[in-house]
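Computed over heavy atoms, backbone and side chain alike; hydrogens, waters and symmetry mates excluded.
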Amino acid sequence: MSSKPPARARSAFQFYQAAELSAVKREQRELSAAARRAHASECALARASGARPPPTPPPPAPPGMGAAMGELSRRWKALDITGRRSYVDRAEADLERYSSECRAADAEA
C-alpha cells in the first residue's frame with residue numbers, strides 16, 4: 001500500500017509570500033488605523049469649533065486578504081533578480097526535493 005503522495009513543490013513567489021505576507025498585512029492595518037484616527041481628529045476639531053463634523057463617512061476597515069495579496073504581488077514584480085535570488089534558490093531546492101520524493105514513490109509502486 002502506498003503512503004501519502006509527496007507535497008507539491010512550492011514556487012519562488014510562494015516562498016516570498018510566506019516571508020512577507022504578515023508584514024504587508026501589518027502595514028495595511030497601520031495605514032487604515034492612521035486614516036481612521038485622522039478622520040476622528042477632523043470630526044473632533046469640527047465639533048470643538050461648533051461646526052458640524054465632516055459629512056464624509058469614516059475610512060473603511062483594514063483591507064482584506066485580496067488587497068494584501070495584490071500589494072504582495074506588486075512588490076514581487078518590482079523585485080530585481082538579486083532580490084528574488086534567495087526565493088528562487090529555495091524553490092529550486094524544493095523542486096529537487098519533490099522530484100526525488102516522486103521518483104522514490106514511483107520506485108515503490
Side-chain angles (χ1 to χ4, degrees):
M1 187 152 277
S2 132
S3 62
K4 212 167 128 180
R8 295 189 69 134
R10 292 174 29 177
S11 69
F13 179 75
Q14 287 171 317
F15 280 103
Y16 178 74
Q17 175 185 355
E20 300 295 323
L21 184 59
S22 62
V24 168
K25 288 169 73 175
R26 183 177 50 253
E27 289 169 15
Q28 289 183 336
R29 279 192 308 271
E30 289 168 359
L31 286 174
S32 182
R36 285 193 305 276
R37 285 191 302 273
H39 179 75
S41 177
E42 285 178 28
C43 291
L45 287 173
R47 282 189 208 102
S49 68
R52 296 184 75 190
T56 57
M65 187 66 157
M69 288 303 294
E71 175 63 17
L72 197 65
S73 178
R74 186 194 64 73
R75 291 181 186 190
W76 173 254
K77 290 174 185 174
L79 276 180
D80 62 359
I81 191 64
T82 307
R84 290 185 182 197
R85 185 79 253 156
S86 68
Y87 304 108
V88 170
D89 290 345
R90 284 190 250 172
E92 289 171 352
D94 198 42
L95 181 60
E96 181 55 40
R97 178 221 31 102
Y98 176 70
S99 298
S100 173
E101 289 178 7
C102 284
R103 284 191 299 273
D106 287 346
E108 285 180 11

Distance in Å, L21 CG paired with R26 CZ, rounded so as to fall on 0.5 Å steps: 10.5 Å
Backbone N/O of L95 and side chain of S99: donor-acceptor pair under 3.5 Å: yes
ILVMFWY cluster, L79 and M69 together (side-chain gap under 4.5 Å): yes
Hydrophobic cluster membership, F15 vs L72, 4.5 Å side-chain cutoff: yes
Value rounded to 0.5 Å, distance of CD in Q17 from OH in Y87: 11.5 Å
For A67 against Q28, the heavy-atom pair lying closest together: O-NE2, 3.4 Å
Distance under 6.0 Å and angle within 45° of ring axis: R84 vs Y16: no
Salt bridge present between E96 and R103 (N-O < 4.0 angstrom): yes
Minimum-distance pair of heavy atoms, taken over all atoms of E101 and A7: OE1-N, 4.1 Å
R97 with D94: basic N within carboxylate O range, under 4.0 Å: yes
Expected output: side-chain Q14 to main-chain S11 donor-acceptor under 3.5 Å: yes
Smallest separation among heavy atoms of S73 and F13, with atom names: CA-CE1, 4.1 Å
Ion pair check, R85 and D89, cut-off under 4.0 Å: yes
More than 12 heavy atoms from other groups under 6.0 Å of CZ on R8: no
